[in-house]
There are 2 protein chains.
Amino acid sequence: MERPSRPGPSERAVPGHDAPWLDADEQRAWRAYLRMQGRLAATLNRQLQIESGLSLADYEVLVHLTDTPEARLRPYELQWALQWEQSRLSHHLTRMRRRGLVEREECSDDGRGAFVVLTEKGRQAITAAAPGHVGVVRRFFFDGLSREEVALLERLATRILGRLDDADGEPGDDAG
Amino acid sequence: MERPSRPGPSERAVPGHDAPWLDADEQRAWRAYLRMQGRLAATLNRQLQIESGLSLADYEVLVHLTDTPEARLRPYELQWALQWEQSRLSHHLTRMRRRGLVEREECSDDGRGAFVVLTEKGRQAITAAAPGHVGVVRRFFFDGLSREEVALLERLATRILGRLDDADGEPGDDAG
DNA sequence: GCAACATACATGACGCGTCATTTATTTCAC
DNA sequence: GTGAAATAAATGACGCGTCATGTATGTTGC
């Protein structure tokens, strides 16, 4: 979705600030990525919603809770695991609490904090949702990829995540 | 609605399992993808918002308009290009119109329809926003990838997109 | 022991995205 | 032509996500 490509060669070796536009290859890749990501997320959300009444966000929260021995976590732990904004998590937990998927429990060690506890209803919800959801993930995503491609994809995602993490502390965030 | 875990042709046959759960490699890749995608989208949105007052959605609409000779498109053309839901596009165009980024123009050929026209303000907005935005896309995304990886990524995204498209017309999507 | 600061979490406002529905027009069968 | 169905687009309701801010508790320097 970038602007006109530079007519230039396919060699892009320009470090950072210098190259304003994406070349033709990059543009195609970027557009394909954006479209794929948007459609995939929409598909996963819709399927989860229809079959289980959960959103993808709900699902991820519940997954992390069920991954935990006591099925309870401090919000800041969930925040770290999900890489969400704090207020997003807070709002979302409020809504999930309202629907009975999780409960809030006071934290004796730290008066400021709390625990998010999985309810029985929450456990049943994700138990019922998981097979269908994983089926769709597999159908649209993994069934189209070889194991090598899956491995490469993980490496790329991790690398880009690292770049995003690196930028978090730095002051010179300018790009223009 | 819970579905019986009947092993249909669309779900992978898993030896010895009712539920087609992801194996360890797939799970790591999937979580890495989800985290990367979420963080990257948040970063791009934030930078665009701060530097230009645009969202990524605004940006994509404006890109498609500027890609057009007359800088005007029918909403259904935009919808096809963006692969958005119709009501999302309609709502978004309403908001962009309110902000003066686009205008609505009646369509003489088809009384039901309209044209979305780029305004001067809209053109200035994307012109101002583009270098910074592309800089961030490059910084976090393409600078971390080799040309081979970019090419592969495009292929994977296109392939997955194809699977999503294929499923659109089929009735046997779910519903056991 | 107290001011200054940091941390954990909540909240209100507001823009965004989806679903369901509505309106207006066009197309097509007959 | 007339009625049925398809198409273009808008709208209201409602949940989601971000920003800015608020509140309570913990920590630290002195």
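Below, chains carry the letters A, B, ... as their sequence lines are ordered, and counting in each starts from 1.
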Look up atom CG in Leu40(B) and atom CG in Leu161(A), then write down how far apart they are to the nearest 0.5 Å. 9.5 Å
Sugar-phosphate only, base, or nothing, as touched by [X] at under 4.0 Å among non-hydrogen atoms:
X	answer
Asn45(A)	nothing
Arg98(B)	nothing
Arg95(B)	base

For DNA chain C, which nucleotides open and close the run of contacts to chain B, 5' to 3', at under 4.0 angstrom from a non-hydrogen atom? dC16(C) to dT26(C)
SB check Asp109(B) Arg74(B) (cutoff 4.0 Å):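 A salt bridge is absent here (no side-chain N lies under 4.0 Å from a carboxylate O).
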Inspect the contact between Asp58(B) and Arg95(B) and indicate whether a charged nitrogen and a carboxylate oxygen are less than 4.0 angstrom apart.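 Salt bridge absent between Arg95(B) and Asp58(B).
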Take atom [atom1] of [X] and atom [atom2] of [N], then tell me their distance rounded to the nearest Å.
X	N	atom1	atom2	value
His91(A)	dT21(D)	NE2	P	15 Å
Ile50(B)	dA20(D)	CD1	C1'	13 Å
Arg74(A)	dG26(D)	CZ	C1'	11 Å
Glu106(B)	dA9(D)	CD	P	11 Å
His92(B)	dT11(D)	NE2	C1'	17 Å

Exactly one of Glu77(A), Glu105(A), Glu103(A) clears side-chain hydrogen bond (donor to acceptor under 3.5 Å, both in side chains) with Arg72(A), and that residue is Glu105(A)
Gly111(B) vs Leu93(A), nearer the 5' end of DNA chain C by closest nucleotide: Leu93(A)
Residue whose closest nucleotide on DNA chain D lies nearer the 5' end, Asp110(B) versus Asp109(A): Asp110(B)
Do any pairs count as a salt bridge (Lys or Arg N to Asp or Glu O under 4.0 Å) and have a residue in residues 111-135 of chain A, sequence neighbours left out, and if so which ones? Asp110(A)-Arg112(A)
Going by number, which of residues 56-65 of chain A have a non-hydrogen atom under 4.0 Å from DNA chain D? none
To which residues is Phe115(A) joined in a hydrophobic cluster, defined by side-chain heavy-atom contacts under 4.5 Å among Ile, Leu, Val, Met, Phe, Trp and Tyr, whether direct or through other members?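 For the cluster that includes Phe115(A), the remaining residues are Val117(A).
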DNA chain C contacts made by residues 75-86 of chain A, counting heavy atoms under 4.0 Å: Pro75(A), Tyr76(A), Gln86(A)
Stepwise side chain to side chain contact (heavy atoms under 4.5 Å, CB included) check, Glu51(B) with Gln49(B): CA-CA 6 Å; Glu51(B) 282 191 20; Gln49(B) 187 61 48; over 6 Å; no
Pair Glu85(B)-Ser87(B), side-chain donor/acceptor within less than 3.5 Å: no
What's the shortest heavy-atom distance between Leu54(B) and Leu62(B), and which atoms? CD1-CD1, 4.0 Å
Out of the candidates His91(B), His92(B), His64(B), only one should pair with Trp84(B) under the ring-ring contact (aromatic ring centres under 6.0 Å, His included) rule; please name it.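 Of the listed options, the one satisfying the test is His92(B).
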Could I get the full list of salt bridge (Lys or Arg N to Asp or Glu O under 4.0 Å) partners for Glu60(A), not counting sequence neighbours? none
